[in-house]
Q: 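The structure is given below, and queries will be raised subsequently.
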Amino acid sequence: MICNKLIRDLLPEIYAKQGKTCVTEKLELEEFATQLMRLLDEEMAKFKQAFDEEDDELAVKRIADVVEILYAVLDLIGVPEQSFEKIRLANKQKYGGYENRLLLKEILDNSPVLE
């Protein structure tokens with residue numbers, strides 16, 4: 001079976017224990033980045049489907065897959081997880097989170113008109 005899909009590091013060992021052989025290649029950074037973006041799109045689509053179907057357990061598993069891919073992207077661009085978390089928390093402190101479920105409908109300009 002031909003796959004041509006980015007996989008997690010331990011999958012060849014898992015398949016080997018099942019009596020299967022995986023043919024793999026190590027990607028150059030540019031192709032790895034391309035494949036990561038493709039995989040991110042695929043996993044987000046799977047998450048959205050699970051979410052739409054209200055399958056919370058599967059949705060959480062898909063979020064975990066998405067987060068793992070995002071950590072790989074961070075590693076690819078040289079950002080440690082701890083640095084990312086500091087940036088995330090700083091943004092949350094500055095702009096807030098999504099706890100209030102706010103939808104911005106319009107911004108009105110109430111500044112005085114200078115003549």
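Note that the coordinates shown come from a computational prediction; the quantities given were computed from them, not determined experimentally.
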Q: Other hydrophobic cluster members with Ile2, side-chain heavy atoms of Ile/Leu/Val/Met/Phe/Trp/Tyr under 4.5 Å, chained?
A: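 None; Ile2 is a cluster of one.
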
Q: Rounded at 0.5 Å granularity, tell me how far CG in Leu103 sits from NZ in Lys105.
A: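 It is 6.0 Å, given to the nearest 0.5 Å.
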
Q: Do Glu13 and Leu10 touch side chain to side chain, with heavy atoms closer than 4.5 Å?
A: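 Glu13 reaches Leu10 side chain to side chain.
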
Q: Can you measure from CD1 (Ile14) to NZ (Lys20) and round to the nearest 0.5 angstrom?
A: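 Those atoms lie 11.5 Å apart.
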
Q: For residues 76-87, tabulate all N or O donor-acceptor pairs below 3.5 Å that involve a side-chain atom, not counting sequence neighbours.
A:
residue : atom : partner : partner atom : Å
Glu85   : OE1  : Arg88   : NE           : 3.2
Glu85   : OE2  : Arg88   : NE           : 3.1
Glu85   : OE2  : Arg88   : NH2          : 2.6

Q: Does Glu57 pair with Lys61 as a salt bridge, N-O distance under 4.0 Å?
A: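 Salt bridge between Glu57 and Lys61, a charged N being under 4.0 Å from a carboxylate O: yes.
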
Q: Heavy-atom distance under 4.5 Å between the side chains of Val67 and Ile63, does that happen here?
A: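 Touching, per the 4.5 Å side-chain cut-off.
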
Q: Check Lys46 with Asp41, please: is the shortest side-chain N to carboxylate O separation under 4.0 Å?
A: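 No.
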
Q: Within a strict 4.5 Å, meaning less than it, do heavy atoms of the Leu6 and Ile69 side chains meet?
A: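 No, their side chains stay 4.5 Å or more apart.
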
Q: What I'd like to find out is whether the side chain of Glu68 reaches to under 4.5 Å of the side chain of Arg8, using heavy atoms alone.
A: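 In short, these two side chains touch, coming nearer than 4.5 Å.
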
Q: Got Glu28 and Glu30 here, is their nearest side-chain heavy-atom distance under 4.5 Å?
A: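 When only atoms from C-beta onward are counted, Glu30 and Glu28 do not touch, as no gap falls below 4.5 Å.
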
Q: Locate the shortest heavy-atom distance separating Pro12 from Cys22; write the atom from each residue and the value.
A: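 Scanning both residues, the minimum pair turns out to be CA-SG, 3.8 Å.
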
Q: Nearest 0.5 Å please: distance from the CD atom of Glu25 over to the CG atom of Asn4.
A: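 So the CD of Glu25 and the CG of Asn4 are separated by 8.0 Å.
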
Q: Please check if Leu39 and Leu27 belong to a single hydrophobic cluster, counting links between Ile, Leu, Val, Met, Phe, Trp and Tyr side chain heavy atoms closer than 4.5 Å.
A: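 As far as the 4.5 Å side-chain criterion goes, Leu27 and Leu39 are connected within one cluster.
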
Q: Hydrophobic side-chain clustering at under 4.5 Å (ILVMFWY, transitive links): who's grouped with Leu58? Put none if nobody.
A: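 None; Leu58 is a cluster of one.
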
Q: Does Leu108, at its CG atom, have more than 12 non-hydrogen atoms belonging to other residues, nucleotides or ligands within less than 6.0 Å?
A: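 Count over threshold, so yes.
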
Q: Got a second to check how far Glu31's CD is from Arg38's CZ, nearest 0.5 Å?
A: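 That separation rounds to 7.0 Å.
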
Q: Report all side-chain donor-acceptor pairs from residues 89-101 shorter than 3.5 Å, counting only partners two or more places apart or in another chain.
A:
residue : atom : partner : partner atom : Å
Lys92   : NZ   : Glu99   : OE2          : 3.1

Q: Hey, could you give me the OH/CD distance between Tyr15 and Gln18, rounded to the nearest 0.5 Å?
A: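 Tyr15 OH to Gln18 CD: 7.0 Å, rounded to 0.5 Å.
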
Q: So, using ring pair (Phe, Tyr, Trp, His ring centres under 6.0 Å) as the criterion, who are the partners of Tyr71 when residues are at least two apart?
A: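 Tyr71 satisfies ring pair (Phe, Tyr, Trp, His ring centres under 6.0 Å) with no residue once adjacent residues are dropped.
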
Q: Nearest 0.5 Å, what's the CD-CG distance between Glu43 and Leu36?
A: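 Going from the CD atom of Glu43 to the CG atom of Leu36 covers 11.5 Å.
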
Q: With a 4.5 Å cut-off on side-chain heavy atoms, are Val66 and Met44 touching?
A: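 Touching, per the 4.5 Å side-chain cut-off.
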
Q: Suppose the criterion is ring pair (Phe, Tyr, Trp, His ring centres under 6.0 Å): which pairs have a residue in residues 39-70, not counting sequence neighbours?
A: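 Pairs touching residues 39-70 that pass the test: Phe47-Phe51.
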
Q: Could you state whether Leu29 and Met37 fall into the same hydrophobic cluster, counting links through intermediate Ile, Leu, Val, Met, Phe, Trp or Tyr residues with side-chain heavy atoms under 4.5 angstrom apart?
A: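 Looking at the clustering, Met37 is in the same group as Leu29.
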
